[in-house]
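Let me begin by presenting the structure, written as structure tokens, before commenting on it.
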There are 2 protein chains.
Amino acid sequence: MARKRFDDSNCSVARALNQVGDWWSLLIVLQAMYGTRRFVDFQQELGIAKNILCDRLARLVDNGVLKKVEVGEHGSRFEYRLTEKGRDLFPVVIALRQWGDKWNPAPDAAPLDLRDRATGQAIQTVQVHNAEGEPVTVRDVFVPGAPAPGTKKDPA
Amino acid sequence: MARKRFDDSNCSVARALNQVGDWWSLLIVLQAMYGTRRFVDFQQELGIAKNILCDRLARLVDNGVLKKVEVGEHGSRFEYRLTEKGRDLFPVVIALRQWGDKWNPAPDAAPLDLRDRATGQAIQTVQVHNAEGEPVTVRDVFVPGAPAPGTKKDPA
DNA sequence: TTAATTTGGTTTTAAGATGCAACCTTATTA
DNA sequence: TAATAAGGTTGCATCTTAAAACCAAATTAA
């Protein structure tokens, strides 16, 4: 059977995953944030098959995450650049990267050292903040109107 | 050919995606954050096939994102609960959800209204902050030692 | 106490997705 | 003019996936 699609799910995480939730798409976005723009560069840096790269780039363009720009200097060459929608994935990618660095430290690579251009200092760990700006965990929050966790059925 | 695995990639995002980067895993984590713990509840709420759910739960347990707890009250029944590693995905999931709400607003569902238990107020949008606590975008940051974006090769 | 149901799985089977290699077309370079 | 690079497309073998059928143990209902 076909892989399930979530285009019309009423969960926005599911719909988001429909756009960037496969193996390669988010890595392509990550590479784009690192400055990669050209087909061959994506291919080499990610080690991705060309047909898959074609498909994913096209899909990301369709979804408005990337835009395909014909660069005139060399004739029919293209660049894939992040749109605002794509750049807006920055917190997602960074949060994921920090999670990976924390819980699956690289055997040989240093954790992400991302610095603010203005100050030269490292950025903070991405967290969820309440209205006062204090970090909160999943245990500190609730969804209005939803049953409290663990009380839905079969309350153990 | 088999799907490429990234267990030993030196990119922590790739390794993170190896653990929670497929379609279902992150949705399972999301459901777990909403309080779901039982096999059947995951199945019903996600509409996922049982064999896939089995596989993903086992994989998440293997990766230390969930733990499988035998609940004694009814004999051989189990609960799947988030570990600290799993709860630590909170900023990732929330950032993704907010991105989805912003760029692919639900046709019929309201955007996430997540509130701080202590204050009752809505949480903030997840952002990347510099050392001073000011939000930064992908354009405001750099990786020490890396070439500036767009200057690597074939500088257009 | 027997039958039906729930829970948590495994198996089977098809339709898709993936990776690799080969090929193709249009530019550019030698 | 030949060779190479960029950006794809096509075919094929192999995996993965989804759905439904099936299963066994533990409850619950009658």
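Every chain is numbered from 1, with letters handed out A, B, ... down the list of sequences.
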The side chain to side chain contact (heavy atoms under 4.5 Å, CB included) partners of A/Val40 (sequence neighbours excluded) come to A/Arg38
A/Arg56 atom CZ is separated from D/dG8 atom P, nearest whole Å, by 15 Å
B/Ile48 atom CD1 is separated from D/dA19 atom P, nearest whole Å, by 10 Å
Note to self: Here's one to test your reading of the geometry: is the NZ or CZ of A/Lys68 within 45 degrees of the ring axis of A/Phe78 and under 6.0 Å from its centre?
What the structure shows: yes
For A/Asp55, the side-chain hydrogen bond (donor to acceptor under 3.5 Å, both in side chains) test, sequence neighbours excluded, returns A/Arg59
note: A/Leu53, atom CG; D/dG7, atom C1'; distance rounded to Å ~ 10 Å
Note to self: Counting the atoms with a prime plus P, OP1 and OP2 as sugar-phosphate, which does A/Tyr80 contact under 4.0 Å by heavy atoms, base, sugar-phosphate, or nothing?
What the structure shows: sugar-phosphate
B/Trp24 CH2 to D/dT16 C1', in whole Å, measures 14 Å
Contacts satisfying salt bridge (Lys or Arg N to Asp or Glu O under 4.0 Å) that involve residues 85-94 of chain A (not counting sequence neighbours) are A/Asp88-B/Lys102
When rounded to whole Å, the CG to C1' distance for the pair B/Asp41 and C/dG9 reads 16 Å
Residues 41-66 of chain B vs ring-ring contact (aromatic ring centres under 6.0 Å, His included), sequence neighbours excluded, gives none
Quick note, salt bridge (Lys or Arg N to Asp or Glu O under 4.0 Å) partners involving residues 123-140 of chain A, not counting sequence neighbours, are none
A/Ile28 atom CD1 is separated from D/dG7 atom C1', nearest whole Å, by 14 Å
Against the side chain of B/Ile52, the closest entry in C/dG8, D/dA18, D/dG8 is D/dA18
Between B/Asp55 and A/Phe39, whichever has its closest DNA chain D nucleotide further toward 5' is A/Phe39
Rounded to whole Å, CG of B/Asn51 lies from P of D/dA20 at a distance of 12 Å
From NZ of B/Lys68 across to C1' of C/dG8 the rounded distance in Å is 8 Å
Nucleotide N/O to protein N/O under 3.5 Å, stretch nucleotides 22-26 of chain C:
none

Per side chain to side chain contact (heavy atoms under 4.5 Å, CB included), B/Gln98 is matched among B/Leu114, B/Val93, B/Val126 by B/Val126
ask   = So, is A/Arg38 near the phosphate of D/dA6, with a side-chain N or O under 4.0 Å from OP1 or OP2?
value = no
